[in-house]
Amino acid sequence: MAKEPVQLLQGYKRHITSEFLADRYPYLEDIRGHLRPDEVSMAHGERQFPRLVEQLKTPGLALDKLCEALRTICDLCSNQENKCQAIAADVVAAATNLLTHESIPVRRDAAQVIGSLALLIGGRSLMPIGNTEMAKKLTGQVAAAPTLPRLAKLLLSCNDEIVKMNVARAMKAVTIFRDGCQQAVDQGTVHSIAQYLCATLPDLPSSEPLALCLLYLLQTLGAVTMYASGGMRDLFGVNLIERIVGFLAKIPQDGQLPGVSATDSVELARQALRVVWHCGNDPKGRKETLKAEGVQVITGYLDAGDSKVRESAVCALNVASLETQGKKDILQYSPEGLAKLLHRGDNETSYLHETCVQLIRSASELPAFRLAFARLIVGSTWLLEKIYGTTSLAAISPLLRPEEDVEVRAQALQVALHFLSKPSAGDEIRVPPVCPLENIEEPRNFALEECVDILHNLVSLIDVDRDASMQCLVALCQISRNKEELRSMVQDGRVNMSKAAEPEVHSLICS
């Protein structure tokens, strides 16, 4: 059997202890005599990181030793206590200095160390300083700079995919809290990310490192646009939203990106939708989304397999619906998908359901959408009650007309009967406006004032569903004004009814 090479433990050096008193004396001056200057090792207590930082700052240290020292630091920073010790030992400055090292492996590991320490507020607070306080002989010919501009330069200029991935992961770590988000905006990192994404999107990433790089950058933008002041300012006017929408359009229907795990593929789509959603909170972002035909693309994600992706798609459409053109686009592409989502019930999160209801109410400011959506859900009285309430009468009233299909008219008749006998609040914003508001609690008055030709339509439906039609007419005629209106219509011959319906109608108006 062939002998396999023994892999040494990183940063581990065997140290044989002695029980002799002279060897265990605690105040010996020479405690590093057994170590070579380039020997990467782990110390104990307060000396754990200063020893490694000294090596990172040593000019001319072998590349493999630099990488080993950086990896050892990264491995040791697996808990908050060690992170605090590393930050106190000036690891941030040393790692920032190595971001511009000529060696690609050193850049990879330096970016990883930055990403690890950026998870702690103490590490992020040192990044505006970067390596500016290091001696010039240590920084070399490259001017000293803060950490984030160094990372941004590396993202744009380095061709190594793993470097890009580690840089993007570090940026994501910096923006994990508000202080880092604001720092990314103030130091131009968001602008650099936008430049990179505009240069690479809408093409799908060609490898897993580039896909993860894209994922981390989208997560970074999602955090910045949500929490930082002016976080969107560098994303508008550069066609970034158009590129992101184009990327979403290119993702395969099964959601699986080539060379990427299923989990990461789903998260990539979700984060791209999230950035579009956040940018849509600004009018500039909404207009860019609509210009890029974003509503059509986003609608395709309403039936995605992952609930979080569907949720992000609904949120993105919700902000798009604030624009008049957005309502028109939603009318054109989205009613069926939204209706399916709302009918899934417990299969969706309560947040998605409520956001979808708000989206429909917003789009319903466009009368054409209100009619189209009411036609889709006319058989779901509970849903109409939740979305529109009493004003559902105005939404389904056109569906009572003789030119509509008999089945649709019959369903709309059942909805009318429900709301005439049971007032419902529904949309409390009242779009379109209801005047007077008391009509919400008195649907019989609302029906006569807001539902054009409802009396004509109900009389014509007696031959379709006699019981439901007569119950609706009886309910309406409990208001004297409504009865007088119906009597006048019958006497003037302004209503068409069959001979079979005449006795019941005459009996109603003469009682």
Side-chain angles (χ1 to χ4, degrees), residues 273 276-278 280-283 285-286 289-290 294-296 298-299 301-303 310-345 348-399 411-412 415-416 418-419 422-441 443 446-447 449-451:
L273 289 166
V276 175
W277 162 28
H278 291 178
N281 289 313
D282 188 286
R286 292 196 292 271
T289 301
L290 297 175
V295 170
Q296 181 180 2
I298 295 168
T299 299
Y301 288 88
L302 293 178
D303 59 353
R310 297 195 296 271
E311 189 175 284
S312 298
V314 169
C315 291
L317 290 177
N318 190 31
V319 294
S321 70
L322 298 175
E323 297 288 329
T324 301
Q325 184 59 48
K327 301 179 201 299
K328 293 179 180 178
D329 290 348
I330 290 171
L331 168 62
Q332 183 177 356
Y333 301 111
S334 309
E336 293 82 2
L338 295 173
K340 288 180 182 178
L341 271 184
L342 287 174
H343 279 107
R344 286 178 180 170
E348 303 295 347
T349 63
S350 58
Y351 179 77
L352 183 149
H353 191 82
E354 293 300 322
T355 305
C356 195
V357 168
Q358 292 299 327
L359 160 60
I360 292 164
R361 288 172 177 172
S362 175
S364 293
E365 295 177 13
L366 196 69
F369 178 88
R370 189 164 61 252
L371 174 61
F373 197 74
R375 186 187 299 277
L376 288 171
I377 63 170
V378 67
S380 302
T381 306
W382 65 272
L383 192 51
L384 284 165
E385 185 171 3
K386 181 176 180 63
I387 296 174
Y388 301 119
T390 298
T391 58
S392 297
L393 288 167
I396 59 93
S397 178
L399 303 179
Q411 289 178 322
V415 174
H418 172 83
F419 287 104
K422 182 184 177 182
S424 176
D427 180 14
E428 295 183 354
I429 301 176
R430 311 298 176 210
V431 176
V434 177
C435 183
L437 281 175
E438 290 77 12
N439 282 352
I440 295 296
E441 298 300 326
F446 177 86
E449 294 181 8
E450 302 291 342
C451 304

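Checked by atom type and distance alone, the side chain of Arg370 never pairs as donor or acceptor with a backbone atom of Glu365 at under 3.5 Å. Judged purely by atom type and a 3.5 angstrom limit, Lys327 uses its side chain to pair as donor or acceptor with the backbone of Ser321. The main-chain N or O of Gln358 is never found under 3.5 Å from a side-chain atom of Ser362 such that the two would form a donor-acceptor pair.
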Walk me through whether Leu338 and Ile330 qualify under side-chain contact (heavy atoms from CB on, under 4.5 Å). CA-CA 10 Å; Leu338 295 173; Ile330 290 171; 4.2 Å; yes
Between Val314 and Tyr301, is a side-chain contact (heavy atoms from CB on, under 4.5 Å) present by the stated rule, with each step listed? CA-CA 9 Å; Val314 169; Tyr301 288 88; over 6 Å; no
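Remark: Thr355 OG1 to Leu317 CG distance equals 11.5 Å, nearest 0.5 Å. Here the straight-line distance linking atom CG of Asp303 with atom CZ of Arg310 works out to 8.5 Å at 0.5 Å rounding. One finds the CG atom of Leu331 at 6.0 Å from the CG atom of Leu366 (value rounded to the nearest 0.5 Å). Annotation: the span from Asp329 atom CG to Phe369 atom CZ amounts to 12.0 Å, rounded to 0.5 Å. Distance NZ/Lys340 to CG/Leu376: 10.0 Å, rounded to 0.5 Å. One distance of note links CZ of Phe446 with CD1 of Ile440; it measures 6.0 Å at 0.5 Å rounding.
Looking only at side-chain heavy atoms (C-beta outward), His343 and Ser380 come within less than 4.5 Å of each other. For the pair Trp277 and Asn318, the minimum side-chain heavy-atom distance is 4.5 Å or more. With contacts defined as side-chain heavy-atom distances shorter than 4.5 Å, the pair Tyr388/Phe419 does not qualify. Counting heavy atoms from C-beta outward, Val415 and Leu399 have side chains that stay 4.5 Å or more apart. With a 4.5 Å cut-off on side-chain heavy atoms, Tyr351 and Cys315 count as touching. In this structure, the side chains of Ile377 and Ile387 come closer than 4.5 Å at one or more pairs of heavy atoms. Inter-residue side-chain proximity for Ile360 and Val357 is flagged as unmet; no heavy-atom pair is nearer than 4.5 Å. Side-chain contact between Glu385 and His418 is present, with heavy atoms from C-beta onward closer than 4.5 Å.
In this pair, His353 and Trp382 present their aromatic rings parallel. The plane angle is below 30°, not in the 30 to 60° band.
Side chain to side chain, Ser424 and Thr390 fail the donor-acceptor criterion of an N or O pair below 3.5 Å. A donor-acceptor contact closer than 3.5 angstrom links the side chains of Glu311 and Thr349.
Comment: Glu323 does not engage Lys328 in a salt bridge, judged by the lack of any side-chain N to carboxylate O separation of less than 4.0 angstrom. The existence of a salt bridge linking Lys386 and Glu354 is confirmed by a sub-4.0 Å separation between a basic side-chain nitrogen and an acidic carboxylate oxygen.
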